[in-house]
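Quantities reported herein were computed from a predicted structural model and do not represent experimental measurements.
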Amino acid sequence: MKKENATLLTEFVLTGLPHQGEWKITLFLVFFVIYLITMVGNLGLISLIWKDPHLHIPMYFLLGHLAFVDAWISSTVTPKMLLDFLEKSNISLTECMVQFFSFASSATTECFLLAAMAYDRYVAICQPLLYPVIMTNRLCIWLLVLSFVGGFLHSLLHESFLFRLTFCNSNIVHHFFCEVIQLLKISCTDPSINYLMLFIFSGSVQVFSIVTIFVSYTLVLSTILRKKSEKGMRKAFSTCGAHLFSVTLYYVPLLFMYVHPASSQTNDQDMFFSIVYTVIIPVLNPVIYSLRNKQVIDSITKILKNKVQI
């Protein structure tokens with residue numbers, strides 16, 4: 001009987017962000033504007049890197065794909081959240097699983113890309129003479145392929161374990177998207193193995209990428225401090241500081257969500273940290289990596305001047 005009842009729950013209700021009814025239009029407009037800026041910023045950055053031959057180097061190759069992943073994450077989560085501000089609607093089990101798979105793939109891929117970008121900065125600053133030899137097009141493509149394949153396999157693992165669950169007591173998901181922890185909380189099946197898989201594999205992905213970033217930037221910092229050129233130090237600190245700021249914003253909420261024990265989390269905390277890495281980070285990254293980068297600014301200025309002359 002329990003199994004039969006479980007099959008009846010094929011739709012979920014996302015509670016969305018907690019807010020007073022009179023704020024829903026304001027919140028809709030705020031997040032709609034953020035989403036537009038996110039898409040214009042990231043897709044614009046991709047287009048800029050594609051068109052300008054001066055940006056066809058490993059750092060911008062990786063940055064362009066990071067922009068793609070940020071647009072992917074935002075598009076996975078934000079449109080459904082915006083619709084729910086206007087009118088609450090159910091989401092089917094299939095749609096929920098697709099949304100989770102898309103989110104998990106993109107979020108994991110971003111972790112690996114951030115690690116690859118840290119390695120690129122390490123080689124550029126610590127091994128400048130060997131940079132063209134080490135960071136070849138072939139290596140860049142391999143780093144990119146491994147990042148996306150790793151994201152796909154990681155999400156596929158958790159997706160397969162989600163399909164073993166049944167939902168028979170409640171279909172209320174206390175979140176603005178199909179977040180895995182919230183799905184586990186309403187499962188009728190014992191989700192202990194799912195929590196274990198999350199802790200082991202999500203933890204491993206984050207530890208690997210964080211250690212790679214930490215080691216890379218420790219070596220970078222050591223190299224910078226040994227340099228006597230004030231201009232070189234300022235340029236290196238500017239580039240690496242922007243990356244470290246973005247990395248910190250991204251990993252702190254992820255670590256809290258998927259490595260911190262689930263029993264100590266609250267729904268509001270979950271949603272707050274989720275907003276950071278699904279909405280805030282994707283809109284900030286183009287600003288962090290572009291507007292503080294002289295090459296990107298020069299490229300934008302050149303394009304704008306050409307358009308004015310035309």
Check for a donor-acceptor pair, side chain of [X] on one end and backbone N or O of [Y] on the other, with a separation under 3.5 Å.
| X | Y | answer |
| --- | --- | --- |
| Gln127 | Leu130 | no |
| Tyr250 | Ala107 | yes |
| Ser204 | Ile200 | yes |
| Thr15 | His175 | yes |
| Gln99 | Cys96 | no |
| Thr78 | Ser75 | no |
| Ser74 | Ala71 | no |
| Asn42 | Pro282 | yes |

### Task
Kindly determine whether Ile213 and Tyr217 satisfy side-chain contact (heavy atoms from CB on, under 4.5 Å), including the steps that lead there.
CA-CA 6 Å; Ile213 292 167; Tyr217 280 111; 3.6 Å; yes
Could you give the distance from [atom1] ([X]) to [atom2] ([Y]), rounded to the nearest 0.5 Å?
| X | Y | atom1 | atom2 | answer |
| --- | --- | --- | --- | --- |
| Ser155 | Phe201 | OG | CZ | 13.0 Å |
| Leu157 | Thr108 | CG | OG1 | 10.0 Å |
| Ser209 | Glu110 | OG | CD | 10.5 Å |
| Cys140 | Ile134 | SG | CD1 | 11.5 Å |
| Leu14 | Phe177 | CG | CZ | 10.0 Å |
| Tyr119 | Cys126 | OH | SG | 10.5 Å |

Determine whether [X] and [Y] fall in the same hydrophobic cluster, where Ile, Leu, Val, Met, Phe, Trp and Tyr are linked whenever their side-chain heavy atoms lie under 4.5 Å apart.
| X | Y | value |
| --- | --- | --- |
| Leu86 | Ile34 | yes |
| Leu146 | Leu156 | no |
| Val205 | Val69 | no |
| Val173 | Leu83 | no |
| Leu43 | Val40 | no |

Side chains of residues 58-65: which donor-acceptor pairs under 3.5 Å do they make with residues two or more places apart or in other chains?
{"residue": "Tyr60", "atom": "OH", "partner": "Asn293", "partner atom": "OD1", "Å": "2.7"}
{"residue": "Tyr60", "atom": "OH", "partner": "Asn293", "partner atom": "ND2", "Å": "2.9"}
{"residue": "Tyr60", "atom": "OH", "partner": "Gln295", "partner atom": "OE1", "Å": "3.0"}
{"residue": "His65", "atom": "ND1", "partner": "Phe61", "partner atom": "O", "Å": "2.8"}

### Message
Could you report the tightest heavy-atom contact between Ala67 and Ile46, atom names first, then the distance?
### Response
CB-CG1, 3.8 Å
### Task
Locate the shortest heavy-atom distance separating His54 from Ile57; write the atom from each residue and the value.
O-CG2, 4.3 Å
#### Entry: With sequence neighbours excluded, residues passing ring-ring contact (aromatic ring centres under 6.0 Å, His included) with Phe208
none
### Query
By ring-ring contact (aromatic ring centres under 6.0 Å, His included), which residues pair with Phe12, not counting sequence neighbours?
Phe167
Is any side-chain heavy atom of [X] closer than 4.5 Å to a side-chain heavy atom of [Y]?
| X | Y | answer |
| --- | --- | --- |
| Leu66 | Leu114 | yes |
| Val283 | Tyr35 | no |
| Asn285 | Ile288 | yes |
| Leu198 | Ile181 | yes |
| Glu179 | Phe103 | no |
| Leu143 | Phe112 | no |
| Leu139 | Thr136 | yes |

Could you work out, with side-chain hydrogen bond (donor to acceptor under 3.5 Å, both in side chains) as the rule, every residue matching [X], not counting sequence neighbours?
| X | value |
| --- | --- |
| Ser102 | Trp72, Thr76 |
| Glu159 | none |
| Ser160 | none |
| His56 | none |

### Task
Evaluate the ring planes of Phe31 and Phe85, with Trp represented by its six-membered ring, and classify them as parallel (under 30°), tilted (30 to 60°) or perpendicular (over 60°).
parallel
### Message
Can you classify the ring geometry of Phe32 versus Phe28 as parallel (below 30°), tilted (30 to 60°) or perpendicular (above 60°)?
### Response
parallel
### Step-by-step side-chain contact (heavy atoms from CB on, under 4.5 Å) determination, Met117 to Val247
CA-CA 11 Å; Met117 291 173 68; Val247 165; over 6 Å; no
### Query
Quick one: disulfide (SG to SG under 2.5 Å) partners of Cys111, sequence neighbours excluded?
none
### Any pair counted as ring pair (Phe, Tyr, Trp, His ring centres under 6.0 Å), so long as it reaches residues 131-157, sequence neighbours left out
Phe101-Phe152, His154-His158
### Message
Assess the residue pair Glu11 and Leu93 against the criterion (side-chain contact (heavy atoms from CB on, under 4.5 Å)); give the C-alpha distance rounded to whole Å, side-chain angles, the decisive distance to 0.1 Å, and a yes or no.
### Response
CA-CA 5 Å; Glu11 289 190 339; Leu93 177 60; over 6 Å; no
#### Entry: Between Thr166 and Thr189: side-chain donor-acceptor atoms closer than 3.5 Å
yes
#### Entry: Residues in side chain to side chain contact (heavy atoms under 4.5 Å, CB included) contact with Leu48, at least two apart in sequence or another chain
Leu55, Val296, Ser299, Ile300, Ile303
### Task
List in chain and number order the residues that pass side chain to side chain contact (heavy atoms under 4.5 Å, CB included) with Val13, two or more places apart in sequence or in another chain; answer none if no residue qualifies.
Asn90, Asn171, Ile172
### Message
Is there a side-chain contact (heavy atoms from CB on, under 4.5 Å) between Asn194 and Leu183? Walk through the geometry before answering.
### Response
CA-CA 10 Å; Asn194 298 74; Leu183 291 175; over 6 Å; no
### Candidate pair Tyr122 and Thr223, rule side-chain hydrogen bond (donor to acceptor under 3.5 Å, both in side chains), full reasoning
CA-CA 9 Å; Tyr122 156 73; Thr223 301; over 6 Å; no
### Message
Applying salt bridge (Lys or Arg N to Asp or Glu O under 4.0 Å) as the test, list every pair that has at least one member in residues 66-81; sequence neighbours left out.
### Response
Lys80-Asp84
